[in-house]
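Since the structure comes first, as structure tokens, the remarks are kept for the end.
The sequence lines fix the lettering, A, B, ..., with proteins before strands; numbering per chain opens at 1. For the numbers below, each heavy atom of this structure counts, side chains included, while hydrogens, waters and symmetry mates do not.
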Amino acid sequence: MPELPEVETVRRGIEAQVVGRRITRVEVGRERTVRRTSRQALIDGLTGATLTAAHRRGKYLLCPLDTGDELMVHLRMSGRLMVADANTERPPHTHVVLHLEGDPRQELWFVDPRTFGEMVVFDPTNIAVEMPELARMGVDPITDGLTRAQLAALLRSRHRQLKALLLDQHVIAGIGNIYCDETLHLARVRHDRSSDSLTGPEITRLHAAILSVLEAAIEAGGSTLADTQYVDIEGQGGWFQVHHKVYDRAGQRCLTCGKADIQRVMVAGRSTCFCPRCQR
DNA sequence: AAACAAACCTGTGCGC
DNA sequence: TGCGCACAGGTTTGTT
């Protein structure tokens with residue numbers, strides 16, 4: 001579910017509501033959520049600790065602790081982080097609960113029906129061994145800043161379907177299926193173009209589209225789809241979905257040209273929506 | 001190197 | 001109403 005804008009919205013919520021509050025107790029239900037280490041490792045790593053900051057790289061949430069360790073959270077497809085008053089009824093699939101110091105007493109919940117998400121406390125001085133994928137992560141368009149020249153180099157040094165490249169977290173980190181399709185539409189480029197075939201003007205449009213789609217989606221608090229699965233840390237949905245031009249609009253008239261219908265095909269194993277008239 | 005399928009899980013929506 | 005199947009915001013692994 002969550003892509004860069006949704007994770008960024010969650011990060012801001014963690015920064016505002018959780019950073020600086022000591023964790024007094026930790027509960028871990030499903031061990032699968034902490035599979036990288038163990039239930040006991042997460043409990044030992046977080047009990048008595050305080051998050052000192054909340055960072056994001058791609059879809060990874062990274063929170064340094066006052067112990068010197070670092071907390072990593074990845075929401076994958078269906079993960080959610082929520083802050084709620086203690087003694088509130090927890091939703092189904094609440095796998096981890098962090099009890100936070102303060103008045104009123106509150107809890108941070110990790111809720112994840114499909115259990116693809118994970119939480120882990122790791123030692124940042126040993127990052128290459130404990131979190132190897134972080135070292136291999138591509139440039140984050142927002143956190144790192146992505147220049148047009150950088151993008152041009154990434155595109156031209158490979159011969160890959162554009163959509164597959166944009167979704168590859170080792171190349172560019174943070175774009176998922178929704179924002180990929182929306183970005184390609186705004187840039188007026190087809191998903192099945194080869195990355196090294198883009199002209200200068202097309203690269204310029206793609207670069208601008210990546211940044212403007214992600215920034216607008218962050219501004220809107222992300223996208224909450226019909227299943228209302230994605231919500232921010234206070235349980236509020238985002239509203240960028242009202243600006244979707246192609247995602248989940250197969251068969252409907254294109255909002256940009258008003259003349260063609262949005263088509264849906266499978267690309268790189270993902271459903272892909274595009275306008276055959278606007279995108280070339 | 002790149003494309004593709006399958007795997008990891010659970011829930012929902014659709015056609016019959 | 002009930003059943004079975006396809007599919008879902010992500011990522012890794014293994015195979016062509």
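- Atom CD in A:Gln169 sits roughly 8 Å away from atom P in C:dG10 (whole-Å rounding).
- For the OP1/OP2 pair of B:dA2 and a distance below 4.0 Å, the side-chain nitrogens and oxygens of A:Arg158 include no atom meeting the criterion.
- A:His93 has no side-chain polar atom (N or O) that falls below the 4.0 Å cut-off from OP1 or OP2 of B:dC9.
- Rounding to whole angstrom units, CE of residue A:Met266 and P of B:dA5 are separated by 9 Å.
- For the residue pair A:Lys163/A:Thr272, the side-chain donor-acceptor check at 3.5 Å is satisfied.
- Distance noted for atom P between B:dA7 and C:dA6: 14 Å (whole Å).
- Among the atoms of the strands shown, none is found under 4.0 Å from any heavy atom of A:Arg136.
- Going from atom CG of A:Asp112 over to atom C1' of C:dA8 covers 13 Å, rounded to whole Å.
- Between A:Ser271 and C:dA8 there is a side-chain polar atom (N or O) within less than 4.0 angstrom of OP1 or OP2.
- Taking the six-membered ring where the residue is Trp, A:Tyr179 and A:His244 present perpendicular rings, their angle passing 60° and hence far from 30°.
- A donor atom on one side chain and an acceptor atom on the other are not found under 3.5 Å apart for A:Arg160 and A:Ser195.
- Across all strands shown, B:dG13 is found opposite C:dC5 as a Watson-Crick or G-U wobble partner, with both distances under 3.5 Å.
- The side chain of A:His159 contributes no N or O atom lying less than 4.0 Å from OP1 or OP2 of B:dA2.
- Proximity note for A:Phe116 (side chain, C-beta onward) versus C:dT12, C:dA8, B:dC8: the nearest is B:dC8.
- In this model, the phosphate group of C:dG10 is approached by a side-chain N or O of A:Arg270 to a distance below 4.0 Å at OP1 or OP2.
- Across every strand in view, B:dA6 sits in a pair with C:dT12 that passes the Watson-Crick or G-U test at under 3.5 angstrom.
- Using a 30° and 60° split on the angle between ring planes, A:Phe240 and A:His243 fall in the tilted class, from 30° to 60°.
- Rounded to a whole angstrom, the distance from the P atom of B:dA6 to that of C:dC5 is 16 Å.
- Atom-to-atom, CD1 of A:Ile175 to P of C:dT11 comes out at 12 Å; the value is rounded to the nearest Å.
- Atom NE2 of A:His191 is separated from atom C1' of B:dA3 by 15 Å (rounded to the nearest Å).
- Closest to the A:Met77 side chain, of the nucleotides C:dA8, C:dT11, B:dC9, is C:dA8.
- In terms of polar N and O atoms assigned as donor or acceptor, the side chain of A:Arg114 comes within less than 3.5 Å of the base of C:dA8 in a complementary pairing.
- Distance CZ (A:Arg76) to P (C:dA8): 18 Å, rounded to an integer number of Å.
- Summary of the strand contacts: A:Gly269 and A:Ser157 both lie near DNA chain B, and taking for each the nucleotide with the nearest heavy atom, the more 5' one is attributed to A:Ser157.
- At a cut-off of 3.5 Å, with distance as the only test, no side-chain donor of A:Tyr247 or A:Ser223 sits close to an acceptor on the other residue.
- For the C1' atoms, the distance from C:dC7 to B:dA5 is 16 Å, rounded to whole Å.
- The number of heavy atoms from other shown groups lying within 6.0 Å of CG (A:Asn87) does not exceed 12.
- A:Leu134 has its CG atom 15 Å from the C1' atom of C:dG10, to the nearest Å.
- Regarding A:Ile178, its CD1 atom lies at a distance of 14 Å from the C1' atom of C:dC7, rounded to whole Å.
- Ranking B:dA2, B:dC9, C:dG10 by closeness to the A:Glu3 side chain, first place goes to C:dG10.
- Looking at heavy-atom distances under 4.0 Å, A:Gly176 makes contact with sugar-phosphate atoms alone, never a base.
- Residue contacts shown for A:Arg30 are limited to sugar-phosphate atoms, with no base heavy atom under 4.0 Å away.
- Within the 4.0 Å cut-off from OP1 or OP2 of B:dC4, at least one side-chain nitrogen or oxygen of A:Gln161 is found.
- A:Tyr247 comes within 4.0 angstrom of the backbone, heavy atoms only, and of no base.
- Counting only distance, with no hydrogens or angles, the side chain of A:His207 and the backbone of A:Leu146 share a donor-acceptor pair below 3.5 Å.
- Taking only side-chain atoms of A:Arg264, from C-beta outward, the nucleotide of C:dA8, B:dG11, B:dC9 with the closest atom is C:dA8.
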